[in-house]
K.L.:
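Quick one: the structure is below, questions incoming.
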Amino acid sequence: MHQSSSPAVPTDEQRIESAARGLLRGIGRLSQALFRAGDLALTRSQVAVLDALEDGPRRVTALAAYTGMVQPRVTVVLQGLEERGLATRTRSAADRRVVEASLTPAGRELLERGRRRMAAALLRGLDAGVDDSERAVGAAREALTALTRAMESAEAAEDTARTTFVTPVGTHDSEAS
């Protein structure tokens with residue numbers, strides 16, 4: 001008797017994983033193209049720090065967490081940005097150990113110019129190959145927003161699970177004193 005050797009049907013999880021890998025590759029390629037189009041004359045690390053400062057001052061430790069860089073690297077990046085007049089660092093009046101970084105007007109303007117160039121490059125690309133570019137960009141933005149929210153929600157749940165613990169039976173707060 002002859003058995004057909006049909007390929008195994010991928011599971012939902014395998015299909016989603018494959019789609020996610022393709023999405024990540026696409027996001028990476030788009031990010032590289034937009035970074036080049038922005039022509040900021042900065043490193044990706046410098047742009048990441050400026051971007052993180054756009055919403056307001058941040059502690060160096062918060063910048064490290066936000067950008068995924070180690071704190072000494074953030075300090076070096078900030079030093080370079082400060083030398084170029086794009087960011088400032090100040091010690092907290094409340095706690096002298098704390099250093100906060102802020103975006104300067106020149107840093108904000110550089111980010112805006114770069115983003116305008118990126119948007120123009122994206123528009124040129126869309127005009128060359130997409131029928132309804134406004135709809136395509138809107139749909140992409142909505143999809144990325146949904147994915148980002150899902151990731152942030154999952155991270156928050158994991159953080160909560162890591163910090164929640166059960167006190168073993170027989171252990172009291174007074175024993176820790």
Side-chain angles (χ1 to χ4, degrees), residues 17 19-125 137 140-167 173 176-177:
E17 184 180 326
R21 281 194 306 270
L23 175 66
L24 293 172
R25 279 192 304 274
I27 289 171
R29 288 181 21 229
L30 178 61
S31 175
Q32 290 169 355
L34 291 173
F35 183 78
R36 286 190 304 271
D39 193 26
L40 296 163
L42 297 173
T43 66
R44 283 185 174 269
S45 295
Q46 289 171 320
V47 173
V49 168
L50 288 179
D51 184 59
L53 293 173
E54 189 172 28
D55 292 332
R58 288 187 190 242
R59 291 177 172 206
V60 173
T61 52
L63 281 171
Y66 183 86
T67 61
M69 291 182 234
V70 294
Q71 193 170 337
R73 176 71 185 138
V74 170
T75 300
V76 169
V77 169
L78 279 170
Q79 183 178 0
L81 292 171
E82 202 169 27
E83 289 169 1
R84 294 181 66 174
L86 303 174
T88 60
R89 289 180 292 174
T90 56
R91 291 233 174 249
S92 168
D95 185 346
R96 301 296 296 160
R97 297 170 296 175
V98 173
V99 175
E100 283 191 337
S102 300
L103 195 59
T104 65
R108 189 172 302 282
E109 175 57 30
L110 181 71
L111 274 179
E112 286 304 314
R113 270 195 324 267
R115 287 187 180 140
R116 282 192 300 270
R117 285 191 289 266
M118 290 176 195
L122 183 58
L123 193 57
R124 284 190 303 274
V137 171
R141 183 185 63 233
E142 288 175 18
L144 287 173
T145 299
L147 292 170
T148 301
R149 284 185 182 143
M151 290 294 299
E152 289 169 348
S153 178
E155 287 173 359
E158 288 174 7
D159 289 346
T160 300
R162 273 193 293 272
T163 58
T164 304
F165 61 92
V166 176
T167 304
D173 289 340
S177 304

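Heavy atoms only: backbone and side chains are in, while hydrogens, waters and symmetry mates are out.
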K.L.:
What distance separates Leu34 CG from Arg115 CZ, expressed to the nearest 0.5 Å?
P.N.:
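Here the interatomic distance stands at 11.5 Å.
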K.L.:
Would you mind reporting whether Thr67 and Arg73 have side-chain heavy atoms less than 4.5 Å apart?
P.N.:
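Of all side-chain heavy-atom pairs linking Thr67 with Arg73, none is under 4.5 Å.
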K.L.:
Mind checking the CG-CZ spacing from Leu24 to Arg29? Nearest 0.5 Å is all I need.
P.N.:
12.5 Å
K.L.:
Do the non-hydrogen side-chain atoms of Val74 and Tyr66 ever get within less than 4.5 Å of each other?
P.N.:
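In short, these two side chains do not touch, never coming nearer than 4.5 Å.
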K.L.:
Go through the steps for Leu30 and Leu122 under the test side-chain contact (heavy atoms from CB on, under 4.5 Å), then give the verdict.
P.N.:
CA-CA 9 Å; Leu30 178 61; Leu122 183 58; 4.3 Å; yes
K.L.:
Determine whether a donor-acceptor pair (N or O, by modelled atom type, separation under 3.5 Å) exists between the side chain of Thr104 and the backbone of Gly85.
P.N.:
yes
K.L.:
Does any non-hydrogen side-chain atom of Leu42 lie less than 4.5 Å from one of Arg84?
P.N.:
yes
K.L.:
Any heavy-atom pair between the side chains of Leu63 and Val77 that's under 4.5 Å?
P.N.:
no
K.L.:
Could you tell me whether a side-chain N or O of Arg58 sits under 3.5 Å from a main-chain N or O of Ala101, the two making a donor and an acceptor?
P.N.:
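Flag not set: sc Arg58 to bb Ala101 has no pair under 3.5 Å.
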K.L.:
Are Thr75 and Val99 close enough that some pair of their side-chain heavy atoms sits under 4.5 Å apart?
P.N.:
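They are not in contact (no side-chain heavy atoms under 4.5 Å apart), so the answer is no.
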K.L.:
Hey, is the main chain of Leu78 close enough, under 3.5 Å, to the side chain of Arg89 for a donor-acceptor pair?
P.N.:
no
K.L.:
Minimum heavy-atom separation for Ala87 to Leu53, with atom names?
P.N.:
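For Ala87 and Leu53, the tightest heavy-atom pair comes out as CB-CD1, 4.2 Å.
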K.L.:
Contact between Leu23 and Leu147 at the side-chain level, heavy atoms closer than 4.5 Å - yes or no?
P.N.:
yes
K.L.:
Apply side-chain contact (heavy atoms from CB on, under 4.5 Å) to the pair Val49 and Met69, showing each step before the final yes or no.
P.N.:
CA-CA 10 Å; Val49 168; Met69 291 182 234; 3.7 Å; yes
K.L.:
Please confirm whether the backbone N or O of Ile27 pairs with a side-chain atom of Ser31, one donor and one acceptor, at under 3.5 Å?
P.N.:
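No, Ser31 side chain to Ile27 backbone: no donor-acceptor pair under 3.5 Å.
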K.L.:
Check this for me: does any side-chain nitrogen of one of Arg21 and Glu17 sit under 4.0 Å from a carboxylate oxygen of the other?
P.N.:
yes
K.L.:
Start with the C-alpha distance between Glu112 and Arg108, add both sets of side-chain angles, then the distance that settles salt bridge (charged side-chain N to carboxylate O under 4.0 Å, His left out), and finish with yes or no.
P.N.:
CA-CA 6 Å; Glu112 286 304 314; Arg108 189 172 302 282; over 6 Å; no
K.L.:
Donor-acceptor check, side chain of Ser153 to backbone of Arg149, threshold 3.5 angstrom: yes or no?
P.N.:
no
K.L.:
What's the separation between atom CZ in Arg97 and atom CZ in Arg91, rounded to the nearest 0.5 Å?
P.N.:
10.5 Å
K.L.:
Please walk me through it: do Arg59 and Gln71 pass side-chain contact (heavy atoms from CB on, under 4.5 Å)?
P.N.:
CA-CA 10 Å; Arg59 291 177 172 206; Gln71 193 170 337; over 6 Å; no
K.L.:
Given side chains that start at C-beta, do those of Leu40 and Leu50 come closer than 4.5 Å, heavy atoms only?
P.N.:
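SC-SC contact between Leu40 and Leu50 ruled out.
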